[in-house]
Every structure is written in structure tokens, then in C-alpha cells.
Amino acid sequence: METPLSKHLWWQEGVIYQIYPRSYKDSNQDGVGDLPGIIKRLDYLQWLGITAVWLSPVYPSPMADFGYDISDYQGIHPLFGTMQDFDRLIGEVHRRGMKLILDLVPNHTSDQHPWFLESRSSRDNPKRDWYIWSDPKPDGSLPNNWLSVFGGSGWEWDEPTQQYYYHAFLKEQPDLNWRNPAVQEAMFSVMRFWLDKGVDGFRVDVMWHMVKDARFRDNPVNPNYQPHMATYEQLLPVYSTDQPEVHELVMKMRHILDEYPERMMIGEIYLPIQQLVTYYGIDGKGAHLPFNFQLLQLPWDAQQIAAAIDQYEGVLPAGGWPNWVLGNHDQPRITSRVGKEQARVAAMLLLTLRGTPTIYYGDEICMRDVAIPFEEVQDPQGLNMPDKNLSRDPSRTPMQWDNSAFAGFSEARPWLRIAQNYSRENVSAQQNDPGTMLTLYRRLIQLRQQEPALMTGEYTPVYADKQVIGYMRKAGGADAFLILLNLSHRPAYIRLADEQLQGTVELATYPELEGIVVSGRINLNGDEGIIVRLKADQHS
């Protein structure tokens with residue numbers, strides 16, 4: 001007999017956890033995290049309830065952008081270990097019933113990649129057209145006004161061949177020319193290499209950047225630019241990103257994945273929601289999960305977030321599966337954005353919304369952004385725009401495991417400094433305390449994974465005002481749940497449309513409320529969220 005969940009795949013039912021490998025666990029005491037270190041901590045992830053691990057890049061790289069400048073797509077950087085370590089990691093992940101998702105960076109390579117070394121060697125090299133080269137304008141100026149995300153022009157002059165090449169990020173990260181079929185085939189071979197090893201999917205870096213306007217037209221000025229914003233935002237990148245042809249490439253990548261059973265693709269796409277959902281592709285033959293970053297970008301405001309959830313649910317294409325993210329390696333941590341108390345509410349939101357949640361390492365123990373003195377800043381985005389306070393280092397600091405020296409991350413001084421409060425905010429201190437953030441995350445994940453309504457059930461909005469978001473989750477004949485979240489610090493008084501509604505608080509941001517019977521009129525303290533199990537006759 002078919003169960004309500006039997007039609008869903010692992011990436012729809014599960015919980016994804018992002019690991020930034022440099023910062024997770026150092027096994028060889030060089031101050032940098034590595035693959036053997038991750039293997040040592042897989043039991044923790046299994047205990048937490050994680051079902052899929054996403055690894056940021058571990059490929060060979062000069063590390064100009066900490067691994068997003070790749071010099072070999074089919075190797076492992078010695079800093080992280082060996083290919084044997086990677087193979088062991090896949091085996092250990094799978095042995096625990098989890099999946100492994102690998103970062104794929106197809107938009108650009110390192111300038112030390114053999115492909116680019118050939119491409120820049122001469123204008124008539126067979127790989128010249130593997131990258132984006134252009135002559136100066138007749139007056140000797142830049143080919144166009146396209147900017148680099150990391151500051152300055154996106155064009156770099158190559159003196160030996162007397163042309164410019166384009167780089168959307170660092171000059172050490174030249175963009176590939178995805179209009180060239182040979183480039184496509186080379187990258188498809190890379191995908192098959194890792195899929196053959198048993199990788200369960202890819203998170204595709206800057207997917208919307210992969211194709212540029214063939215005519216190199218100038219980007220228009222951004223009328224809403226403000227001085228505090230990154231210089232890249234002075235222009236609207238309408239010709240350097242999100243070109244129509246990118247969807248054909250995503251579909252081709254999807255075809256590669258479909259050659260293997262139950263593999264999946266996540267797309268990193270920072271675009272408005274109406275554009276984002278087009279990356280699901282025609283008839284669902286695009287990315288399985290175009291990353292939805294609304295909870296990263298919106299003000300922490302109940303009405304705005306409630307409206308965004310409803311809008312997202314409304315524009316999803318038929319068969320499109322939602323996903324939600326609170327944090328990643330490029331953004332400030334959720335605890336630093338909304339505060340420690342609201343971070344608990346945010347966890348409940350992430351793990352009760354319809355769709356696949358992605359957790360950023362350390363958010364489950366309330367890790368905060370760490371102040372990195374300028375002389376210790378390593379992130380190129382921070383170094384290139386020091387006056388903008390745009391370094392990503394503060395959200396990439398080492399995982400806080402215990403209260404020993406260097407938080408149990410390493411016995412050597414780590415590559416980035418550790419939070420001063422690590423002796424209190426760490427896994428060991430929180431693991432067996434019922435009131436901690438880690439316990440809350442674990443209980444939320446357990447409840448989500450046990451209840452069909454929370455795992456894959458439908459979403460119905462029921463309440464929203466200036467303080468509170470309320471919605472229901474239902475699935476067939478299974479128990480239904482009402483979720484009420486106070487996104488403010490003040491008490492809230494809720495009167496639901498159905499005042500006869502009645503249920504029991506199954507899980508709350510603070511355990512004292514659990515077991516209480518509530519009805520259609522509910523009071524919540526500030527920073528409080530509850531999950532209410534509804535009586536069987538309360539939903540149909």
C-alpha cells in the first residue's frame with residue numbers, strides 16, 4: 001500500500017547541512033579543517049538528524065577565493081586530504097544513511113587552471129574561445145562597463161595577447177565561455193566523474209552567471225544604488241547575468257543527473273522570486289532546488305515574511321518543490337541578524353515550512369559572526385572593499401565543539417579566530433541541556449522527520465499581523481499541525497478565524513509551554529513560537 005510519502009524523493013524529505021570544510025574540524029593540526037575531520041564528526045550529524053551534507057569546494061586551488069578558484073575539477077586539495085579521504089567520506093556518509101552534495105563551480109576557473117593557461121598562451125590556441133576575450137573599444141577603453149562582484153571592472157588586460165578577459169569575481173577567476181560546446185562537454189565530464197564516485201548531487205555556484213550577453217551590451221545604471229552598497233551594485237547586471245540561454249545549459253546539466261538514479265541539483269541564484277522559479281525549468285527539467293534566499297534577504301518582519309512565503313508558494317511551477325535557507329558562507333549568520341532569542345523562532349520557521357530546509361554549520365548552536373580585525377581579514381571581498389564592511393570571514397569562523405583550546409576545532413591556531421564565547425556556546429555544552437539551541441534544533445528535526453504533515457504536507461496560511469506568522473501543515477490522514485511564531489520581542493494576542501480550533505502544544509521554542517492545550521485565542525510571549533498538534537476532527 002502506498003504511503004503519503006512514497007512519491008517523494010530523499011531531497012524532498014530530508015534536511016541539508018552545509019559544511020564549510022576549512023572551518024569544520026581539523027584532524028592534522030594545521031589550523032584548517034579537512035575531510036578526515038568531517039568524517040570524525042559524521043556521528044554528530046547523524047545524532048542531529050541531518051540527512052544530506054553539502055560540502056563547499058575541496059578541489060585543488062590557489063585559494064585566491066578559498067576554493068572557488070579551481071585549478072583542477074577532478075582532484076582534492078592537499079589541505080583537505082586526498083582522493084582516498086574523499087572516497088572514504090562518501091562511504092561513511094552513505095553508511096549512515098545520509099547523502100553527499102558537492103559544490104560545483106562551473107562559471108569560472110582559477111587563472112592557474114590548465115585550460116586558462118592554454119587559453120591565454122596565444123590568440124590562436126584551440127582553447128582561446130574557452131574563456132571570454134574581447135578587444136578594447138576603438139578608443140582603447142574597456143570592452144563595456146561590466147563590473148566585478150568583488151570590486152572594480154570585470155575586465156582584465158592581458159598584455160601578451162593584447163586583449164581583455166572577463167571575470168565576474170576576482171581577476172584570478174576568469175569566466176568560462178559556456179557558449180562554446182567544448183566547454184559544456186568538459187564540464188559535463190566533470191559532473192560524470194563525481195557522479196560515478198557516488199556523489200548524490202551538486203550545489204551549482206552562481207548558476208545565473210553562467211551565460212553573458214553575446215553582444216556585450218553595457219549594463220544600465222542602478223537608480224536605487226546607495227553609498228553603503230557594494231560597488232558591483234552601481235549597475236543592474238541585466239546583460240552579464242540571467243541570460244535566456246542559461247536555462248538550456250541547466251537543462252543539459254539536469255539530463256546528466258538524470259542518467260543516474262535519484263541525483264539532484266541545487267542552484268545558487270540571487271534573483272527576485274519570479275525570476276528564480278524559472279530555474280526549475282520547463283516541465284521540471286531544470287534545477288531540483290533553485291536556492292530560495294528570501295529569509296536571508298528580507299527584513300525580519302512578520303508581515304513581509306508571511307507575504308513572501310505566500311508569494312513563493314503561489315509562483316512555484318507545477319511540481320516545483322520549495323526550499324528555505326537561513327544562512328550560508330556568504331551571508332551574516334542568522335543569530336547576528338536577528339538576535340539569539342529570535343534565532344530560535346527562525347529555527348522553528350525553517351524546519352516547519354513546506355519544502356527542503358538547509359542549515360548552515362554552527363547555526364544549530366547559536367554561533368554568531370565573529371569580529372575579525374582588519375589585519376586578519378582574509379576574504380577577498382572584504383580586502384577589496386574595506387570601507388564597505390563586506391568581509392565574509394565573520395560567518396566562516398571555526399565550528400565550536402567544546403570548551404578546550406580552540407573550541408575543539410584544532411590543537412593549532414585556526415586560520416580564522418574563534419568566537420570569544422566558545423566556552424559557553426559549543427556542541428558539548430549544549431548537547432544534553434533541554435533549554436539550548438542545539439536541543440531545539442534536534443527536536444525540531446526529529447518532529448519534522450517523524451510527521452508526514454511537517455515533512456511533505458501542504459502549507460496553508462492562517463494568520464499574519466505585525467508580530468505573528470501562523471500556518472497549518474496537513475498530509476492525508478496524518479495529524480495536522482498549527483505553527484504560530486512571534487517574530488517580535490513583545491507579547492502577542494492571536495485570534496484565529498476558527499475560534500473553535502483546539503490542540504496541544506507539541507513543541508515550543510521554550511519547553512515550558514509544551515503539553516498545554518490551546519484554542520483559537522492564543523497568547524504568545526515575545527520571541528516565542530509553538531507547534532500545535534491538532535485534534536483529528538480539527539482538520540479535514
Side-chain angles (χ1 to χ4, degrees), residues 107 145-149 154 168-169 203-213 217-226 228-251 265-282 284-332 334 337-338 346 349-350 353-358 381 390 459 461 464 469 487:
N107 178 70
N145 70 350
W146 295 355
L147 297 173
S148 162
V149 173
F169 296 90
R203 174 266 188 187
V204 181
D205 187 63
V206 297
M207 180 180 275
W208 84 111
H209 273 264
M210 286 170 56
V211 182
K212 288 78 179 170
D213 179 51
R217 286 172 283 186
D218 278 350
N219 282 325
V221 171
N222 179 2
N224 299 316
Y225 180 74
Q226 301 291 325
H228 69 274
M229 296 163 70
T231 53
Y232 175 73
E233 296 182 68
Q234 292 174 342
L235 304 177
L236 298 174
V238 298
Y239 292 118
S240 53
T241 66
D242 194 32
Q243 297 303 290
E245 298 92 335
V246 75
H247 296 287
E248 298 171 25
L249 294 177
V250 174
M251 186 167 65
M265 175 168 53
I266 302 168
E268 184 198 24
I269 304 154
Y270 283 93
L271 287 173
I273 203 71
Q274 292 89 346
Q275 290 164 266
L276 173 75
V277 296
T278 64
Y279 282 79
Y280 283 101
I282 298 169
K285 287 300 181 184
H288 297 87
L289 299 177
F291 255 151
N292 167 24
F293 294 128
Q294 290 183 100
L295 298 181
L296 277 170
Q297 298 172 310
L298 286 169
W300 199 248
D301 174 89
Q303 286 180 315
Q304 289 196 54
I305 290 175
I309 296 166
D310 291 348
Q311 181 190 30
Y312 181 48
E313 286 279 353
V315 298
L316 277 171
W321 189 254
N323 70 92
W324 297 96
V325 183
L326 284 178
N328 64 34
H329 61 292
D330 289 330
Q331 304 293 335
I334 182 65
R337 285 189 282 122
V338 304
L349 177 68
L350 176 71
L353 283 171
R354 189 174 83 94
T356 304
T358 296
Q381 180 168 287
L390 292 174
Y459 161 90
I469 296 174
L487 271 62

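We number each residue from 1, following the sequence as shown.
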As a quick check of understanding, evaluate side chain to side chain contact (heavy atoms under 4.5 Å, CB included) for Val250 and Val204, giving each step before the final call.
CA-CA 10 Å; Val250 174; Val204 181; over 6 Å; no

Run the side chain to side chain contact (heavy atoms under 4.5 Å, CB included) check on His209 and Asp242 step by step: do they pass?
CA-CA 6 Å; His209 273 264; Asp242 194 32; over 6 Å; no

Evaluation steps, side chain to side chain contact (heavy atoms under 4.5 Å, CB included), between Leu276 and Asn292:
CA-CA 8 Å; Leu276 173 75; Asn292 167 24; 4.2 Å; yes

Could you go through the side-chain hydrogen bond (donor to acceptor under 3.5 Å, both in side chains) check for Gln303 and Asp301 one step at a time?
CA-CA 6 Å; Gln303 286 180 315; Asp301 174 89; over 6 Å; no

Evaluate the side chain to side chain contact (heavy atoms under 4.5 Å, CB included) criterion for residues Met229 and Gln234: first the C-alpha distance (whole Å), next the side-chain angles of each, then the deciding distance (0.1 Å), finally the verdict.
CA-CA 8 Å; Met229 296 163 70; Gln234 292 174 342; over 6 Å; no

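Remark: the backbone N or O of Glu233 is paired with a side-chain donor or acceptor of Asn222 at under 3.5 angstrom. Judged purely by atom type and a 3.5 angstrom limit, Arg203 has no side-chain atom pairing as donor or acceptor with the backbone of Glu268. Not one N or O on the side chain of Tyr312 forms a donor-acceptor pair closer than 3.5 Å with the backbone of Leu316. Not one N or O on the side chain of Trp300 forms a donor-acceptor pair closer than 3.5 Å with the backbone of Leu295. Remark: the backbone N or O of Tyr239 is paired with a side-chain donor or acceptor of Asn219 at under 3.5 angstrom. A donor-acceptor contact shorter than 3.5 Å links the side chain of Asn328 to the backbone of Gln331. A donor-acceptor pair under 3.5 Å links the side-chain atoms of Ser148 to the main chain of Phe169, judged by distance alone. Put simply, the side chain of Tyr280 gets close to the backbone of Trp321: a donor and an acceptor are under 3.5 Å apart. Checking side-chain atoms of Asp213 against main-chain N and O of Ser240 turns up no donor-acceptor pair under 3.5 Å.
Listed here is the closest heavy atom pair of Leu271 and Tyr279: CD1-CE1, 3.7 Å. Minimum interatomic distance between Ala464 and Ala306 (heavy atoms only, all atoms of both residues): CB-CB, 3.7 Å. What you find for Ala346 and Ile334 is that their closest heavy atoms are CB-CG1, 4.0 Å. For Leu487 against Ile305, the heavy-atom pair with the smallest separation is CD2-CD1, 3.7 Å. Taking every heavy atom of both residues into account, Gly286 and Met265 meet most closely at O-CE, 3.8 Å. Among all heavy-atom pairs drawn from Val221 and Pro223, the shortest one is O-CD, 3.2 Å.
The shortest side-chain heavy-atom distance between His247 and Thr278 falls under the 4.5 Å cut-off. A heavy-atom distance below 4.5 Å is not found between the side chains of Ile269 and Phe293. No side-chain heavy atom of Pro237 sits under 4.5 Å from any side-chain heavy atom of Trp146. Residues Asn107 and Asp205 form no side-chain contact, since every pair of their non-hydrogen atoms from C-beta on lies 4.5 Å or further apart. Two residues are said to be in side-chain contact when any heavy atoms from C-beta on lie closer than 4.5 Å; Thr241 and Val246 fail this criterion. Using a 4.5 Å heavy-atom threshold, the side chains of Gln294 and Ile273 count as touching. No side-chain heavy atom of Met210 sits under 4.5 Å from any side-chain heavy atom of Glu245.
Rounding to the nearest 0.5 Å gives a distance of 5.0 Å between CG of Asn145 and CG of Leu235. Put simply, CD1 on Ile266 and OG1 on Thr356 are 8.0 Å apart, with the number rounded to the nearest 0.5 Å. Expressed to the nearest 0.5 Å, how far CH2 of Trp208 lies from CD of Gln275 amounts to 11.5 Å.
Scanning for ring pair (Phe, Tyr, Trp, His ring centres under 6.0 Å) contacts around Tyr459 gives Tyr471, with sequence neighbours left out.
No cation-pi contact links Arg354 to Trp324, judged by a cut-off of 6.0 Å to the six-membered ring centre and 45° from its axis.
Checked options Val211, Leu249, Val238; the residue passing with Gln243 is Val211 (criterion: side chain to side chain contact (heavy atoms under 4.5 Å, CB included)).
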